[in-house]
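See below for the structure under consideration.
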Amino acid sequence: MELNDRIRNRHFGCVLDSHFWKTSNEYTALACLKYCFGEKYRRLRKAEAPDLQDAENSVAIEVTDSVTPNDAQTIGEFTKLSQVNSEKQKEKCREKISRNGARLLVDGMMAWPSRGPETEKREIINTFVQKLSKISKYRKMGFANIGLLIYHEKPAFPETIDNFPKWLIDAQKDCADKYDFVYILHVEGFLFYDFASGEKSEVVIPREDRLALGNLGRMAAEGEVKDDDPVWL
């Protein structure tokens with residue numbers, strides 16, 4: 001995948017509309033997979049239920065976000081803050097952001113409350129468990145190799161990098177249908193685990209490329225980049 005200047009130099013004049021978050025994350029996940037594993041995912045395409053599909057190789061990847069309900073509300077209020085006009089509406093947004101433990105900074109950015117490894121562990125496990133019910137449906141659709149990609153828009157703690165396979169093995173051990181593999185896409189790259197082979201790997205994505213891949217995800221979600229654009233090849 002070639003991240004051209006059109007993508008690298010794209011600057012957005014406003015925050016992404018909340019209606020596009022899920023689609024943007026899915027396209028960003030697709031972009032990152034193609035960037036890191038180009039030949040393996042050459043035929044992977046954005047679809048619906050499952051989110052990413054390679055029909056020729058019978059691969060399905062469900063994409064989900066590790067954001068908690070509390071974080072989702074905070075992000076929503078932060079987005080709304082730049083879109084509402086009245087000071088009364090803005091103050092309501094600020095109050096909800098503050099109530100959830102985040103802080104607004106003078107440069108228009110937001111600081112999140114401090115987190116620790118145990119919080120991240122709960123986020124990863126809970127996100128994984130919530131998607132276990134999808135597997136049987138996708139098996140019935142004929143997919144032979146089914147994975148979950150957890151979109152984790154934070155740096156991963158060393159404890160997560162070391163221990164996430166054990167957490168997720170335990171989480172699905174009593175399930176009749178199990179995921180074949182899992183990816184965790186965080187701000188610095190990928191974590192990967194194959195449940196059958198026990199293969200575990202980590203791929204670091206340079207910061208400038210990770211930002212450009214996020215640009216591509218948003219551009220695709222908003223229709224600026226189409227599914228047949230050469231950038232996906």
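Residue numbers start at 1 and run along the sequence shown. On a predicted model such as this, the values are computed, not experimentally measured, just so you know.
Under the ring-ring contact (aromatic ring centres under 6.0 Å, His included) criterion, the residue pairs touching residues 1-27 are Y27-W232, with sequence neighbours excluded. Screening residues 186-196 for salt bridge (Lys or Arg N to Asp or Glu O under 4.0 Å), with sequence neighbours left out, gives no hits.
Taking 4.0 Å as the cut-off between side-chain N and carboxylate O, E77 and K92 do not count as a salt-bridged pair. Using a cutoff of 4.0 Å between basic side-chain nitrogens and carboxylate oxygens, R139 and D180 are scored as salt-bridged. A salt bridge is defined here as a Lys NZ or Arg NE, NH1 or NH2 lying under 4.0 Å from an Asp or Glu carboxylate O, and E48 with K46 meets this definition. Ion pairing between a basic and an acidic side chain is recognised when a charged N comes within 4.0 Å of a carboxylate O; E39 and R42 show such pairing. Using a 4.0 Å cut-off between charged side-chain N and carboxylate O, D229 and R6 make a salt bridge. In summary, E87 and R94 engage in a salt bridge, as defined by a charged side-chain N under 4.0 Å from a carboxylate O.
Judged purely by atom type and a 3.5 angstrom limit, E120 uses its side chain to pair as donor or acceptor with the backbone of F157. Between the side chain of D177 and the main chain of I135, no donor-acceptor pair closer than 3.5 Å is present. Looking only at distances, no side-chain donor or acceptor of T160 sits under 3.5 Å from a matching main-chain atom of A156. Between the side chain of S24 and the main chain of A221, no donor-acceptor pair closer than 3.5 Å is present. With hydrogens and angles disregarded, no donor-acceptor distance shorter than 3.5 Å links the side chain of K200 to the backbone of L191.
Hydrophobic clustering (ILVMFWY, side-chain heavy atoms < 4.5 Å, transitive): M1 and L149 are in one cluster. Linking Ile, Leu, Val, Met, Phe, Trp and Tyr whenever their side-chain heavy atoms come within less than 4.5 Å leaves L132 and L52 in two separate clusters.
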Show, in sequence, the C-alpha distance, side-chain angles and deciding distance for F181 and Y179, and conclude whether the ring-ring contact (aromatic ring centres under 6.0 Å, His included) test is met.
CA-CA 6 Å; F181 60 92; Y179 280 110; 8.3 Å; no
Apply side-chain hydrogen bond (donor to acceptor under 3.5 Å, both in side chains) to the pair E123 and S66, showing each step before the final yes or no.
CA-CA 6 Å; E123 289 173 357; S66 68; 4.7 Å; no
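Going from atom CD1 of I150 over to atom OG1 of T64 covers 7.5 Å, rounded to the nearest 0.5 Å. Atom CG of L104 is separated from atom CD1 of I97 by 4.5 Å, given to the nearest 0.5 angstrom. The distance from the CZ atom of F192 to the CG atom of L185 is 14.0 Å, given to the nearest 0.5 Å. Atom CD of E91 is separated from atom NZ of K96 by 12.0 Å, given to the nearest 0.5 angstrom. We find the CG-CD distance between N100 and E95 to be 12.0 Å, quoted to the nearest 0.5 Å. Atoms CG and CD1, from N163 and I169 in turn, are 11.0 Å apart once rounded to the nearest 0.5 Å.
Considering every non-hydrogen atom in both A144 and S58, the closest pair reads N-OG, 2.8 Å. When all heavy atoms of H152 and I184 are compared, the pair lying nearest together is CB-CG2, 4.0 Å.
T23 and E26 are not linked by any side-chain donor-acceptor pair at a separation below 3.5 angstrom, with hydrogens and angles left out of the test.
Using a 30° and 60° split on the angle between ring planes, Y183 and Y41 fall in the perpendicular class, above 60°. Taking the six-membered ring where tryptophan is involved, the planes of F143 and Y138 are perpendicular, since the angle between them exceeds 60° and thus also 30°.
Results of the side chain to side chain contact (heavy atoms under 4.5 Å, CB included) test with L168 over V129, L148, V182 single out V182 as the only residue that passes.
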